[in-house]
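Structure first, commentary second.
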Amino acid sequence: CGAKTPQDVYADAVKKQSELKDMHAISDIDMDVSFMGVSMPVAMTVDMLAKNSGQSDMQMQMDMSMEMMGMTLDMGSYYADGWMYMDVLDTKAKTEMPLEDAMGQQMQLDLSGLNTEDMVELTMEDGEDGAKVLHFTVDGQLLTDSLSQITGAAFTTLRVKTPAARQGT
């Protein structure tokens, strides 16, 4: 029995995560975005807490920070009881959201929505605490689609819903 490959470790992590009902996931994403022939670096951090994932009483809190062109955009959201509360650009919004839609947003941020076939490169190193740390590059179009879903939902909500206070866990 040889050492596990990065693909094996990733598959084990996806399986273990699929069995979790409560989780804390942090994603650090560095990307280059091209628009009208101009490329710019964008750094994004997403911190997600989920409780009773996939259950009718699921609760989820996400905080996202995106840095580009010397500016930082912070967005926060909280989901509970069929409602999504959002705070984007100091504007608060509340919108009714089916559990399936909230789960779709969660899948954009955890491992469950990403296959090794979507990865251009996957490497592994030992972390300080003995855990395996995976580094990977995702197909650009897939990342663009995921980011558009996450940020698009936030801005769509802000345009059409009444402001409401954001809640936390």
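FYI, side chains are in, hydrogens and waters are out, and symmetry mates aren't considered; it's all heavy atoms of this structure.
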Quick one: are [X] and [Y] in side-chain contact, heavy atoms under 4.5 Å?
X	Y	value
Met124	His135	no
Glu125	Leu134	no
Met66	Thr72	no
Gln61	Asp47	no
Val46	Asp63	no
Asp74	Ser65	yes

| Could Lys51 and Asp57 be called an ion pair, given the rule that one side-chain N must be under 4.0 Å from one carboxylate O? | no
| Sidechain N-carboxylate O distance under 4.0 Å for Asp87, Lys92 |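 Yes, charged N to carboxylate O under 4.0 Å.
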Flag if over 12 foreign heavy atoms under 6.0 Å of [atom1], [X]:
X	atom1	result
Asp90	CG	no
Glu19	CD	yes
Met68	CE	no

Spacing of [X] atom [atom1] and [Y] atom [atom2] [to the nearest 0.5 Å]:
X	Y	atom1	atom2	result
Gln7	Leu122	CD	CG	5.0 Å
Met69	Met40	CE	CE	5.5 Å
His24	Met48	NE2	CE	8.5 Å
Met62	Ser27	CE	OG	10.5 Å
Tyr78	Met60	OH	CE	10.5 Å
Met64	Met75	CE	CE	3.0 Å

| task | Might you work through the side-chain contact (heavy atoms from CB on, under 4.5 Å) test for Lys4 and Asp12, ending with a clear yes or no? | result | CA-CA 10 Å; Lys4 287 191 173 190; Asp12 290 347; 2.3 Å; yes
| query | Shared ILVMFWY cluster between Leu20 and Leu99, side chains joined below 4.5 angstrom? | reply |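 Same hydrophobic cluster.
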| task | Say whether Val42 and Val38 are linked into one hydrophobic cluster, either directly or through other cluster members, by side-chain heavy-atom distances under 4.5 angstrom. | result | no
| Is the backbone of Thr95 close enough, under 3.5 Å, to the side chain of Tyr85 for a donor and an acceptor to pair up by distance? | no
| field | Main-chain N/O of Asn52 paired with Asp22 side-chain donor or acceptor, under 3.5 Å | value | yes
| query | What closest approach, in Å, do Met23 and Ser53 show between heavy atoms, and which atom pair accounts for it? | reply |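 So the two residues come closest at CE-OG, 4.3 Å.
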| query | How close do Tyr79 and Met97 get, heavy atom to heavy atom, and via which atoms? | reply | OH-O, 3.2 Å
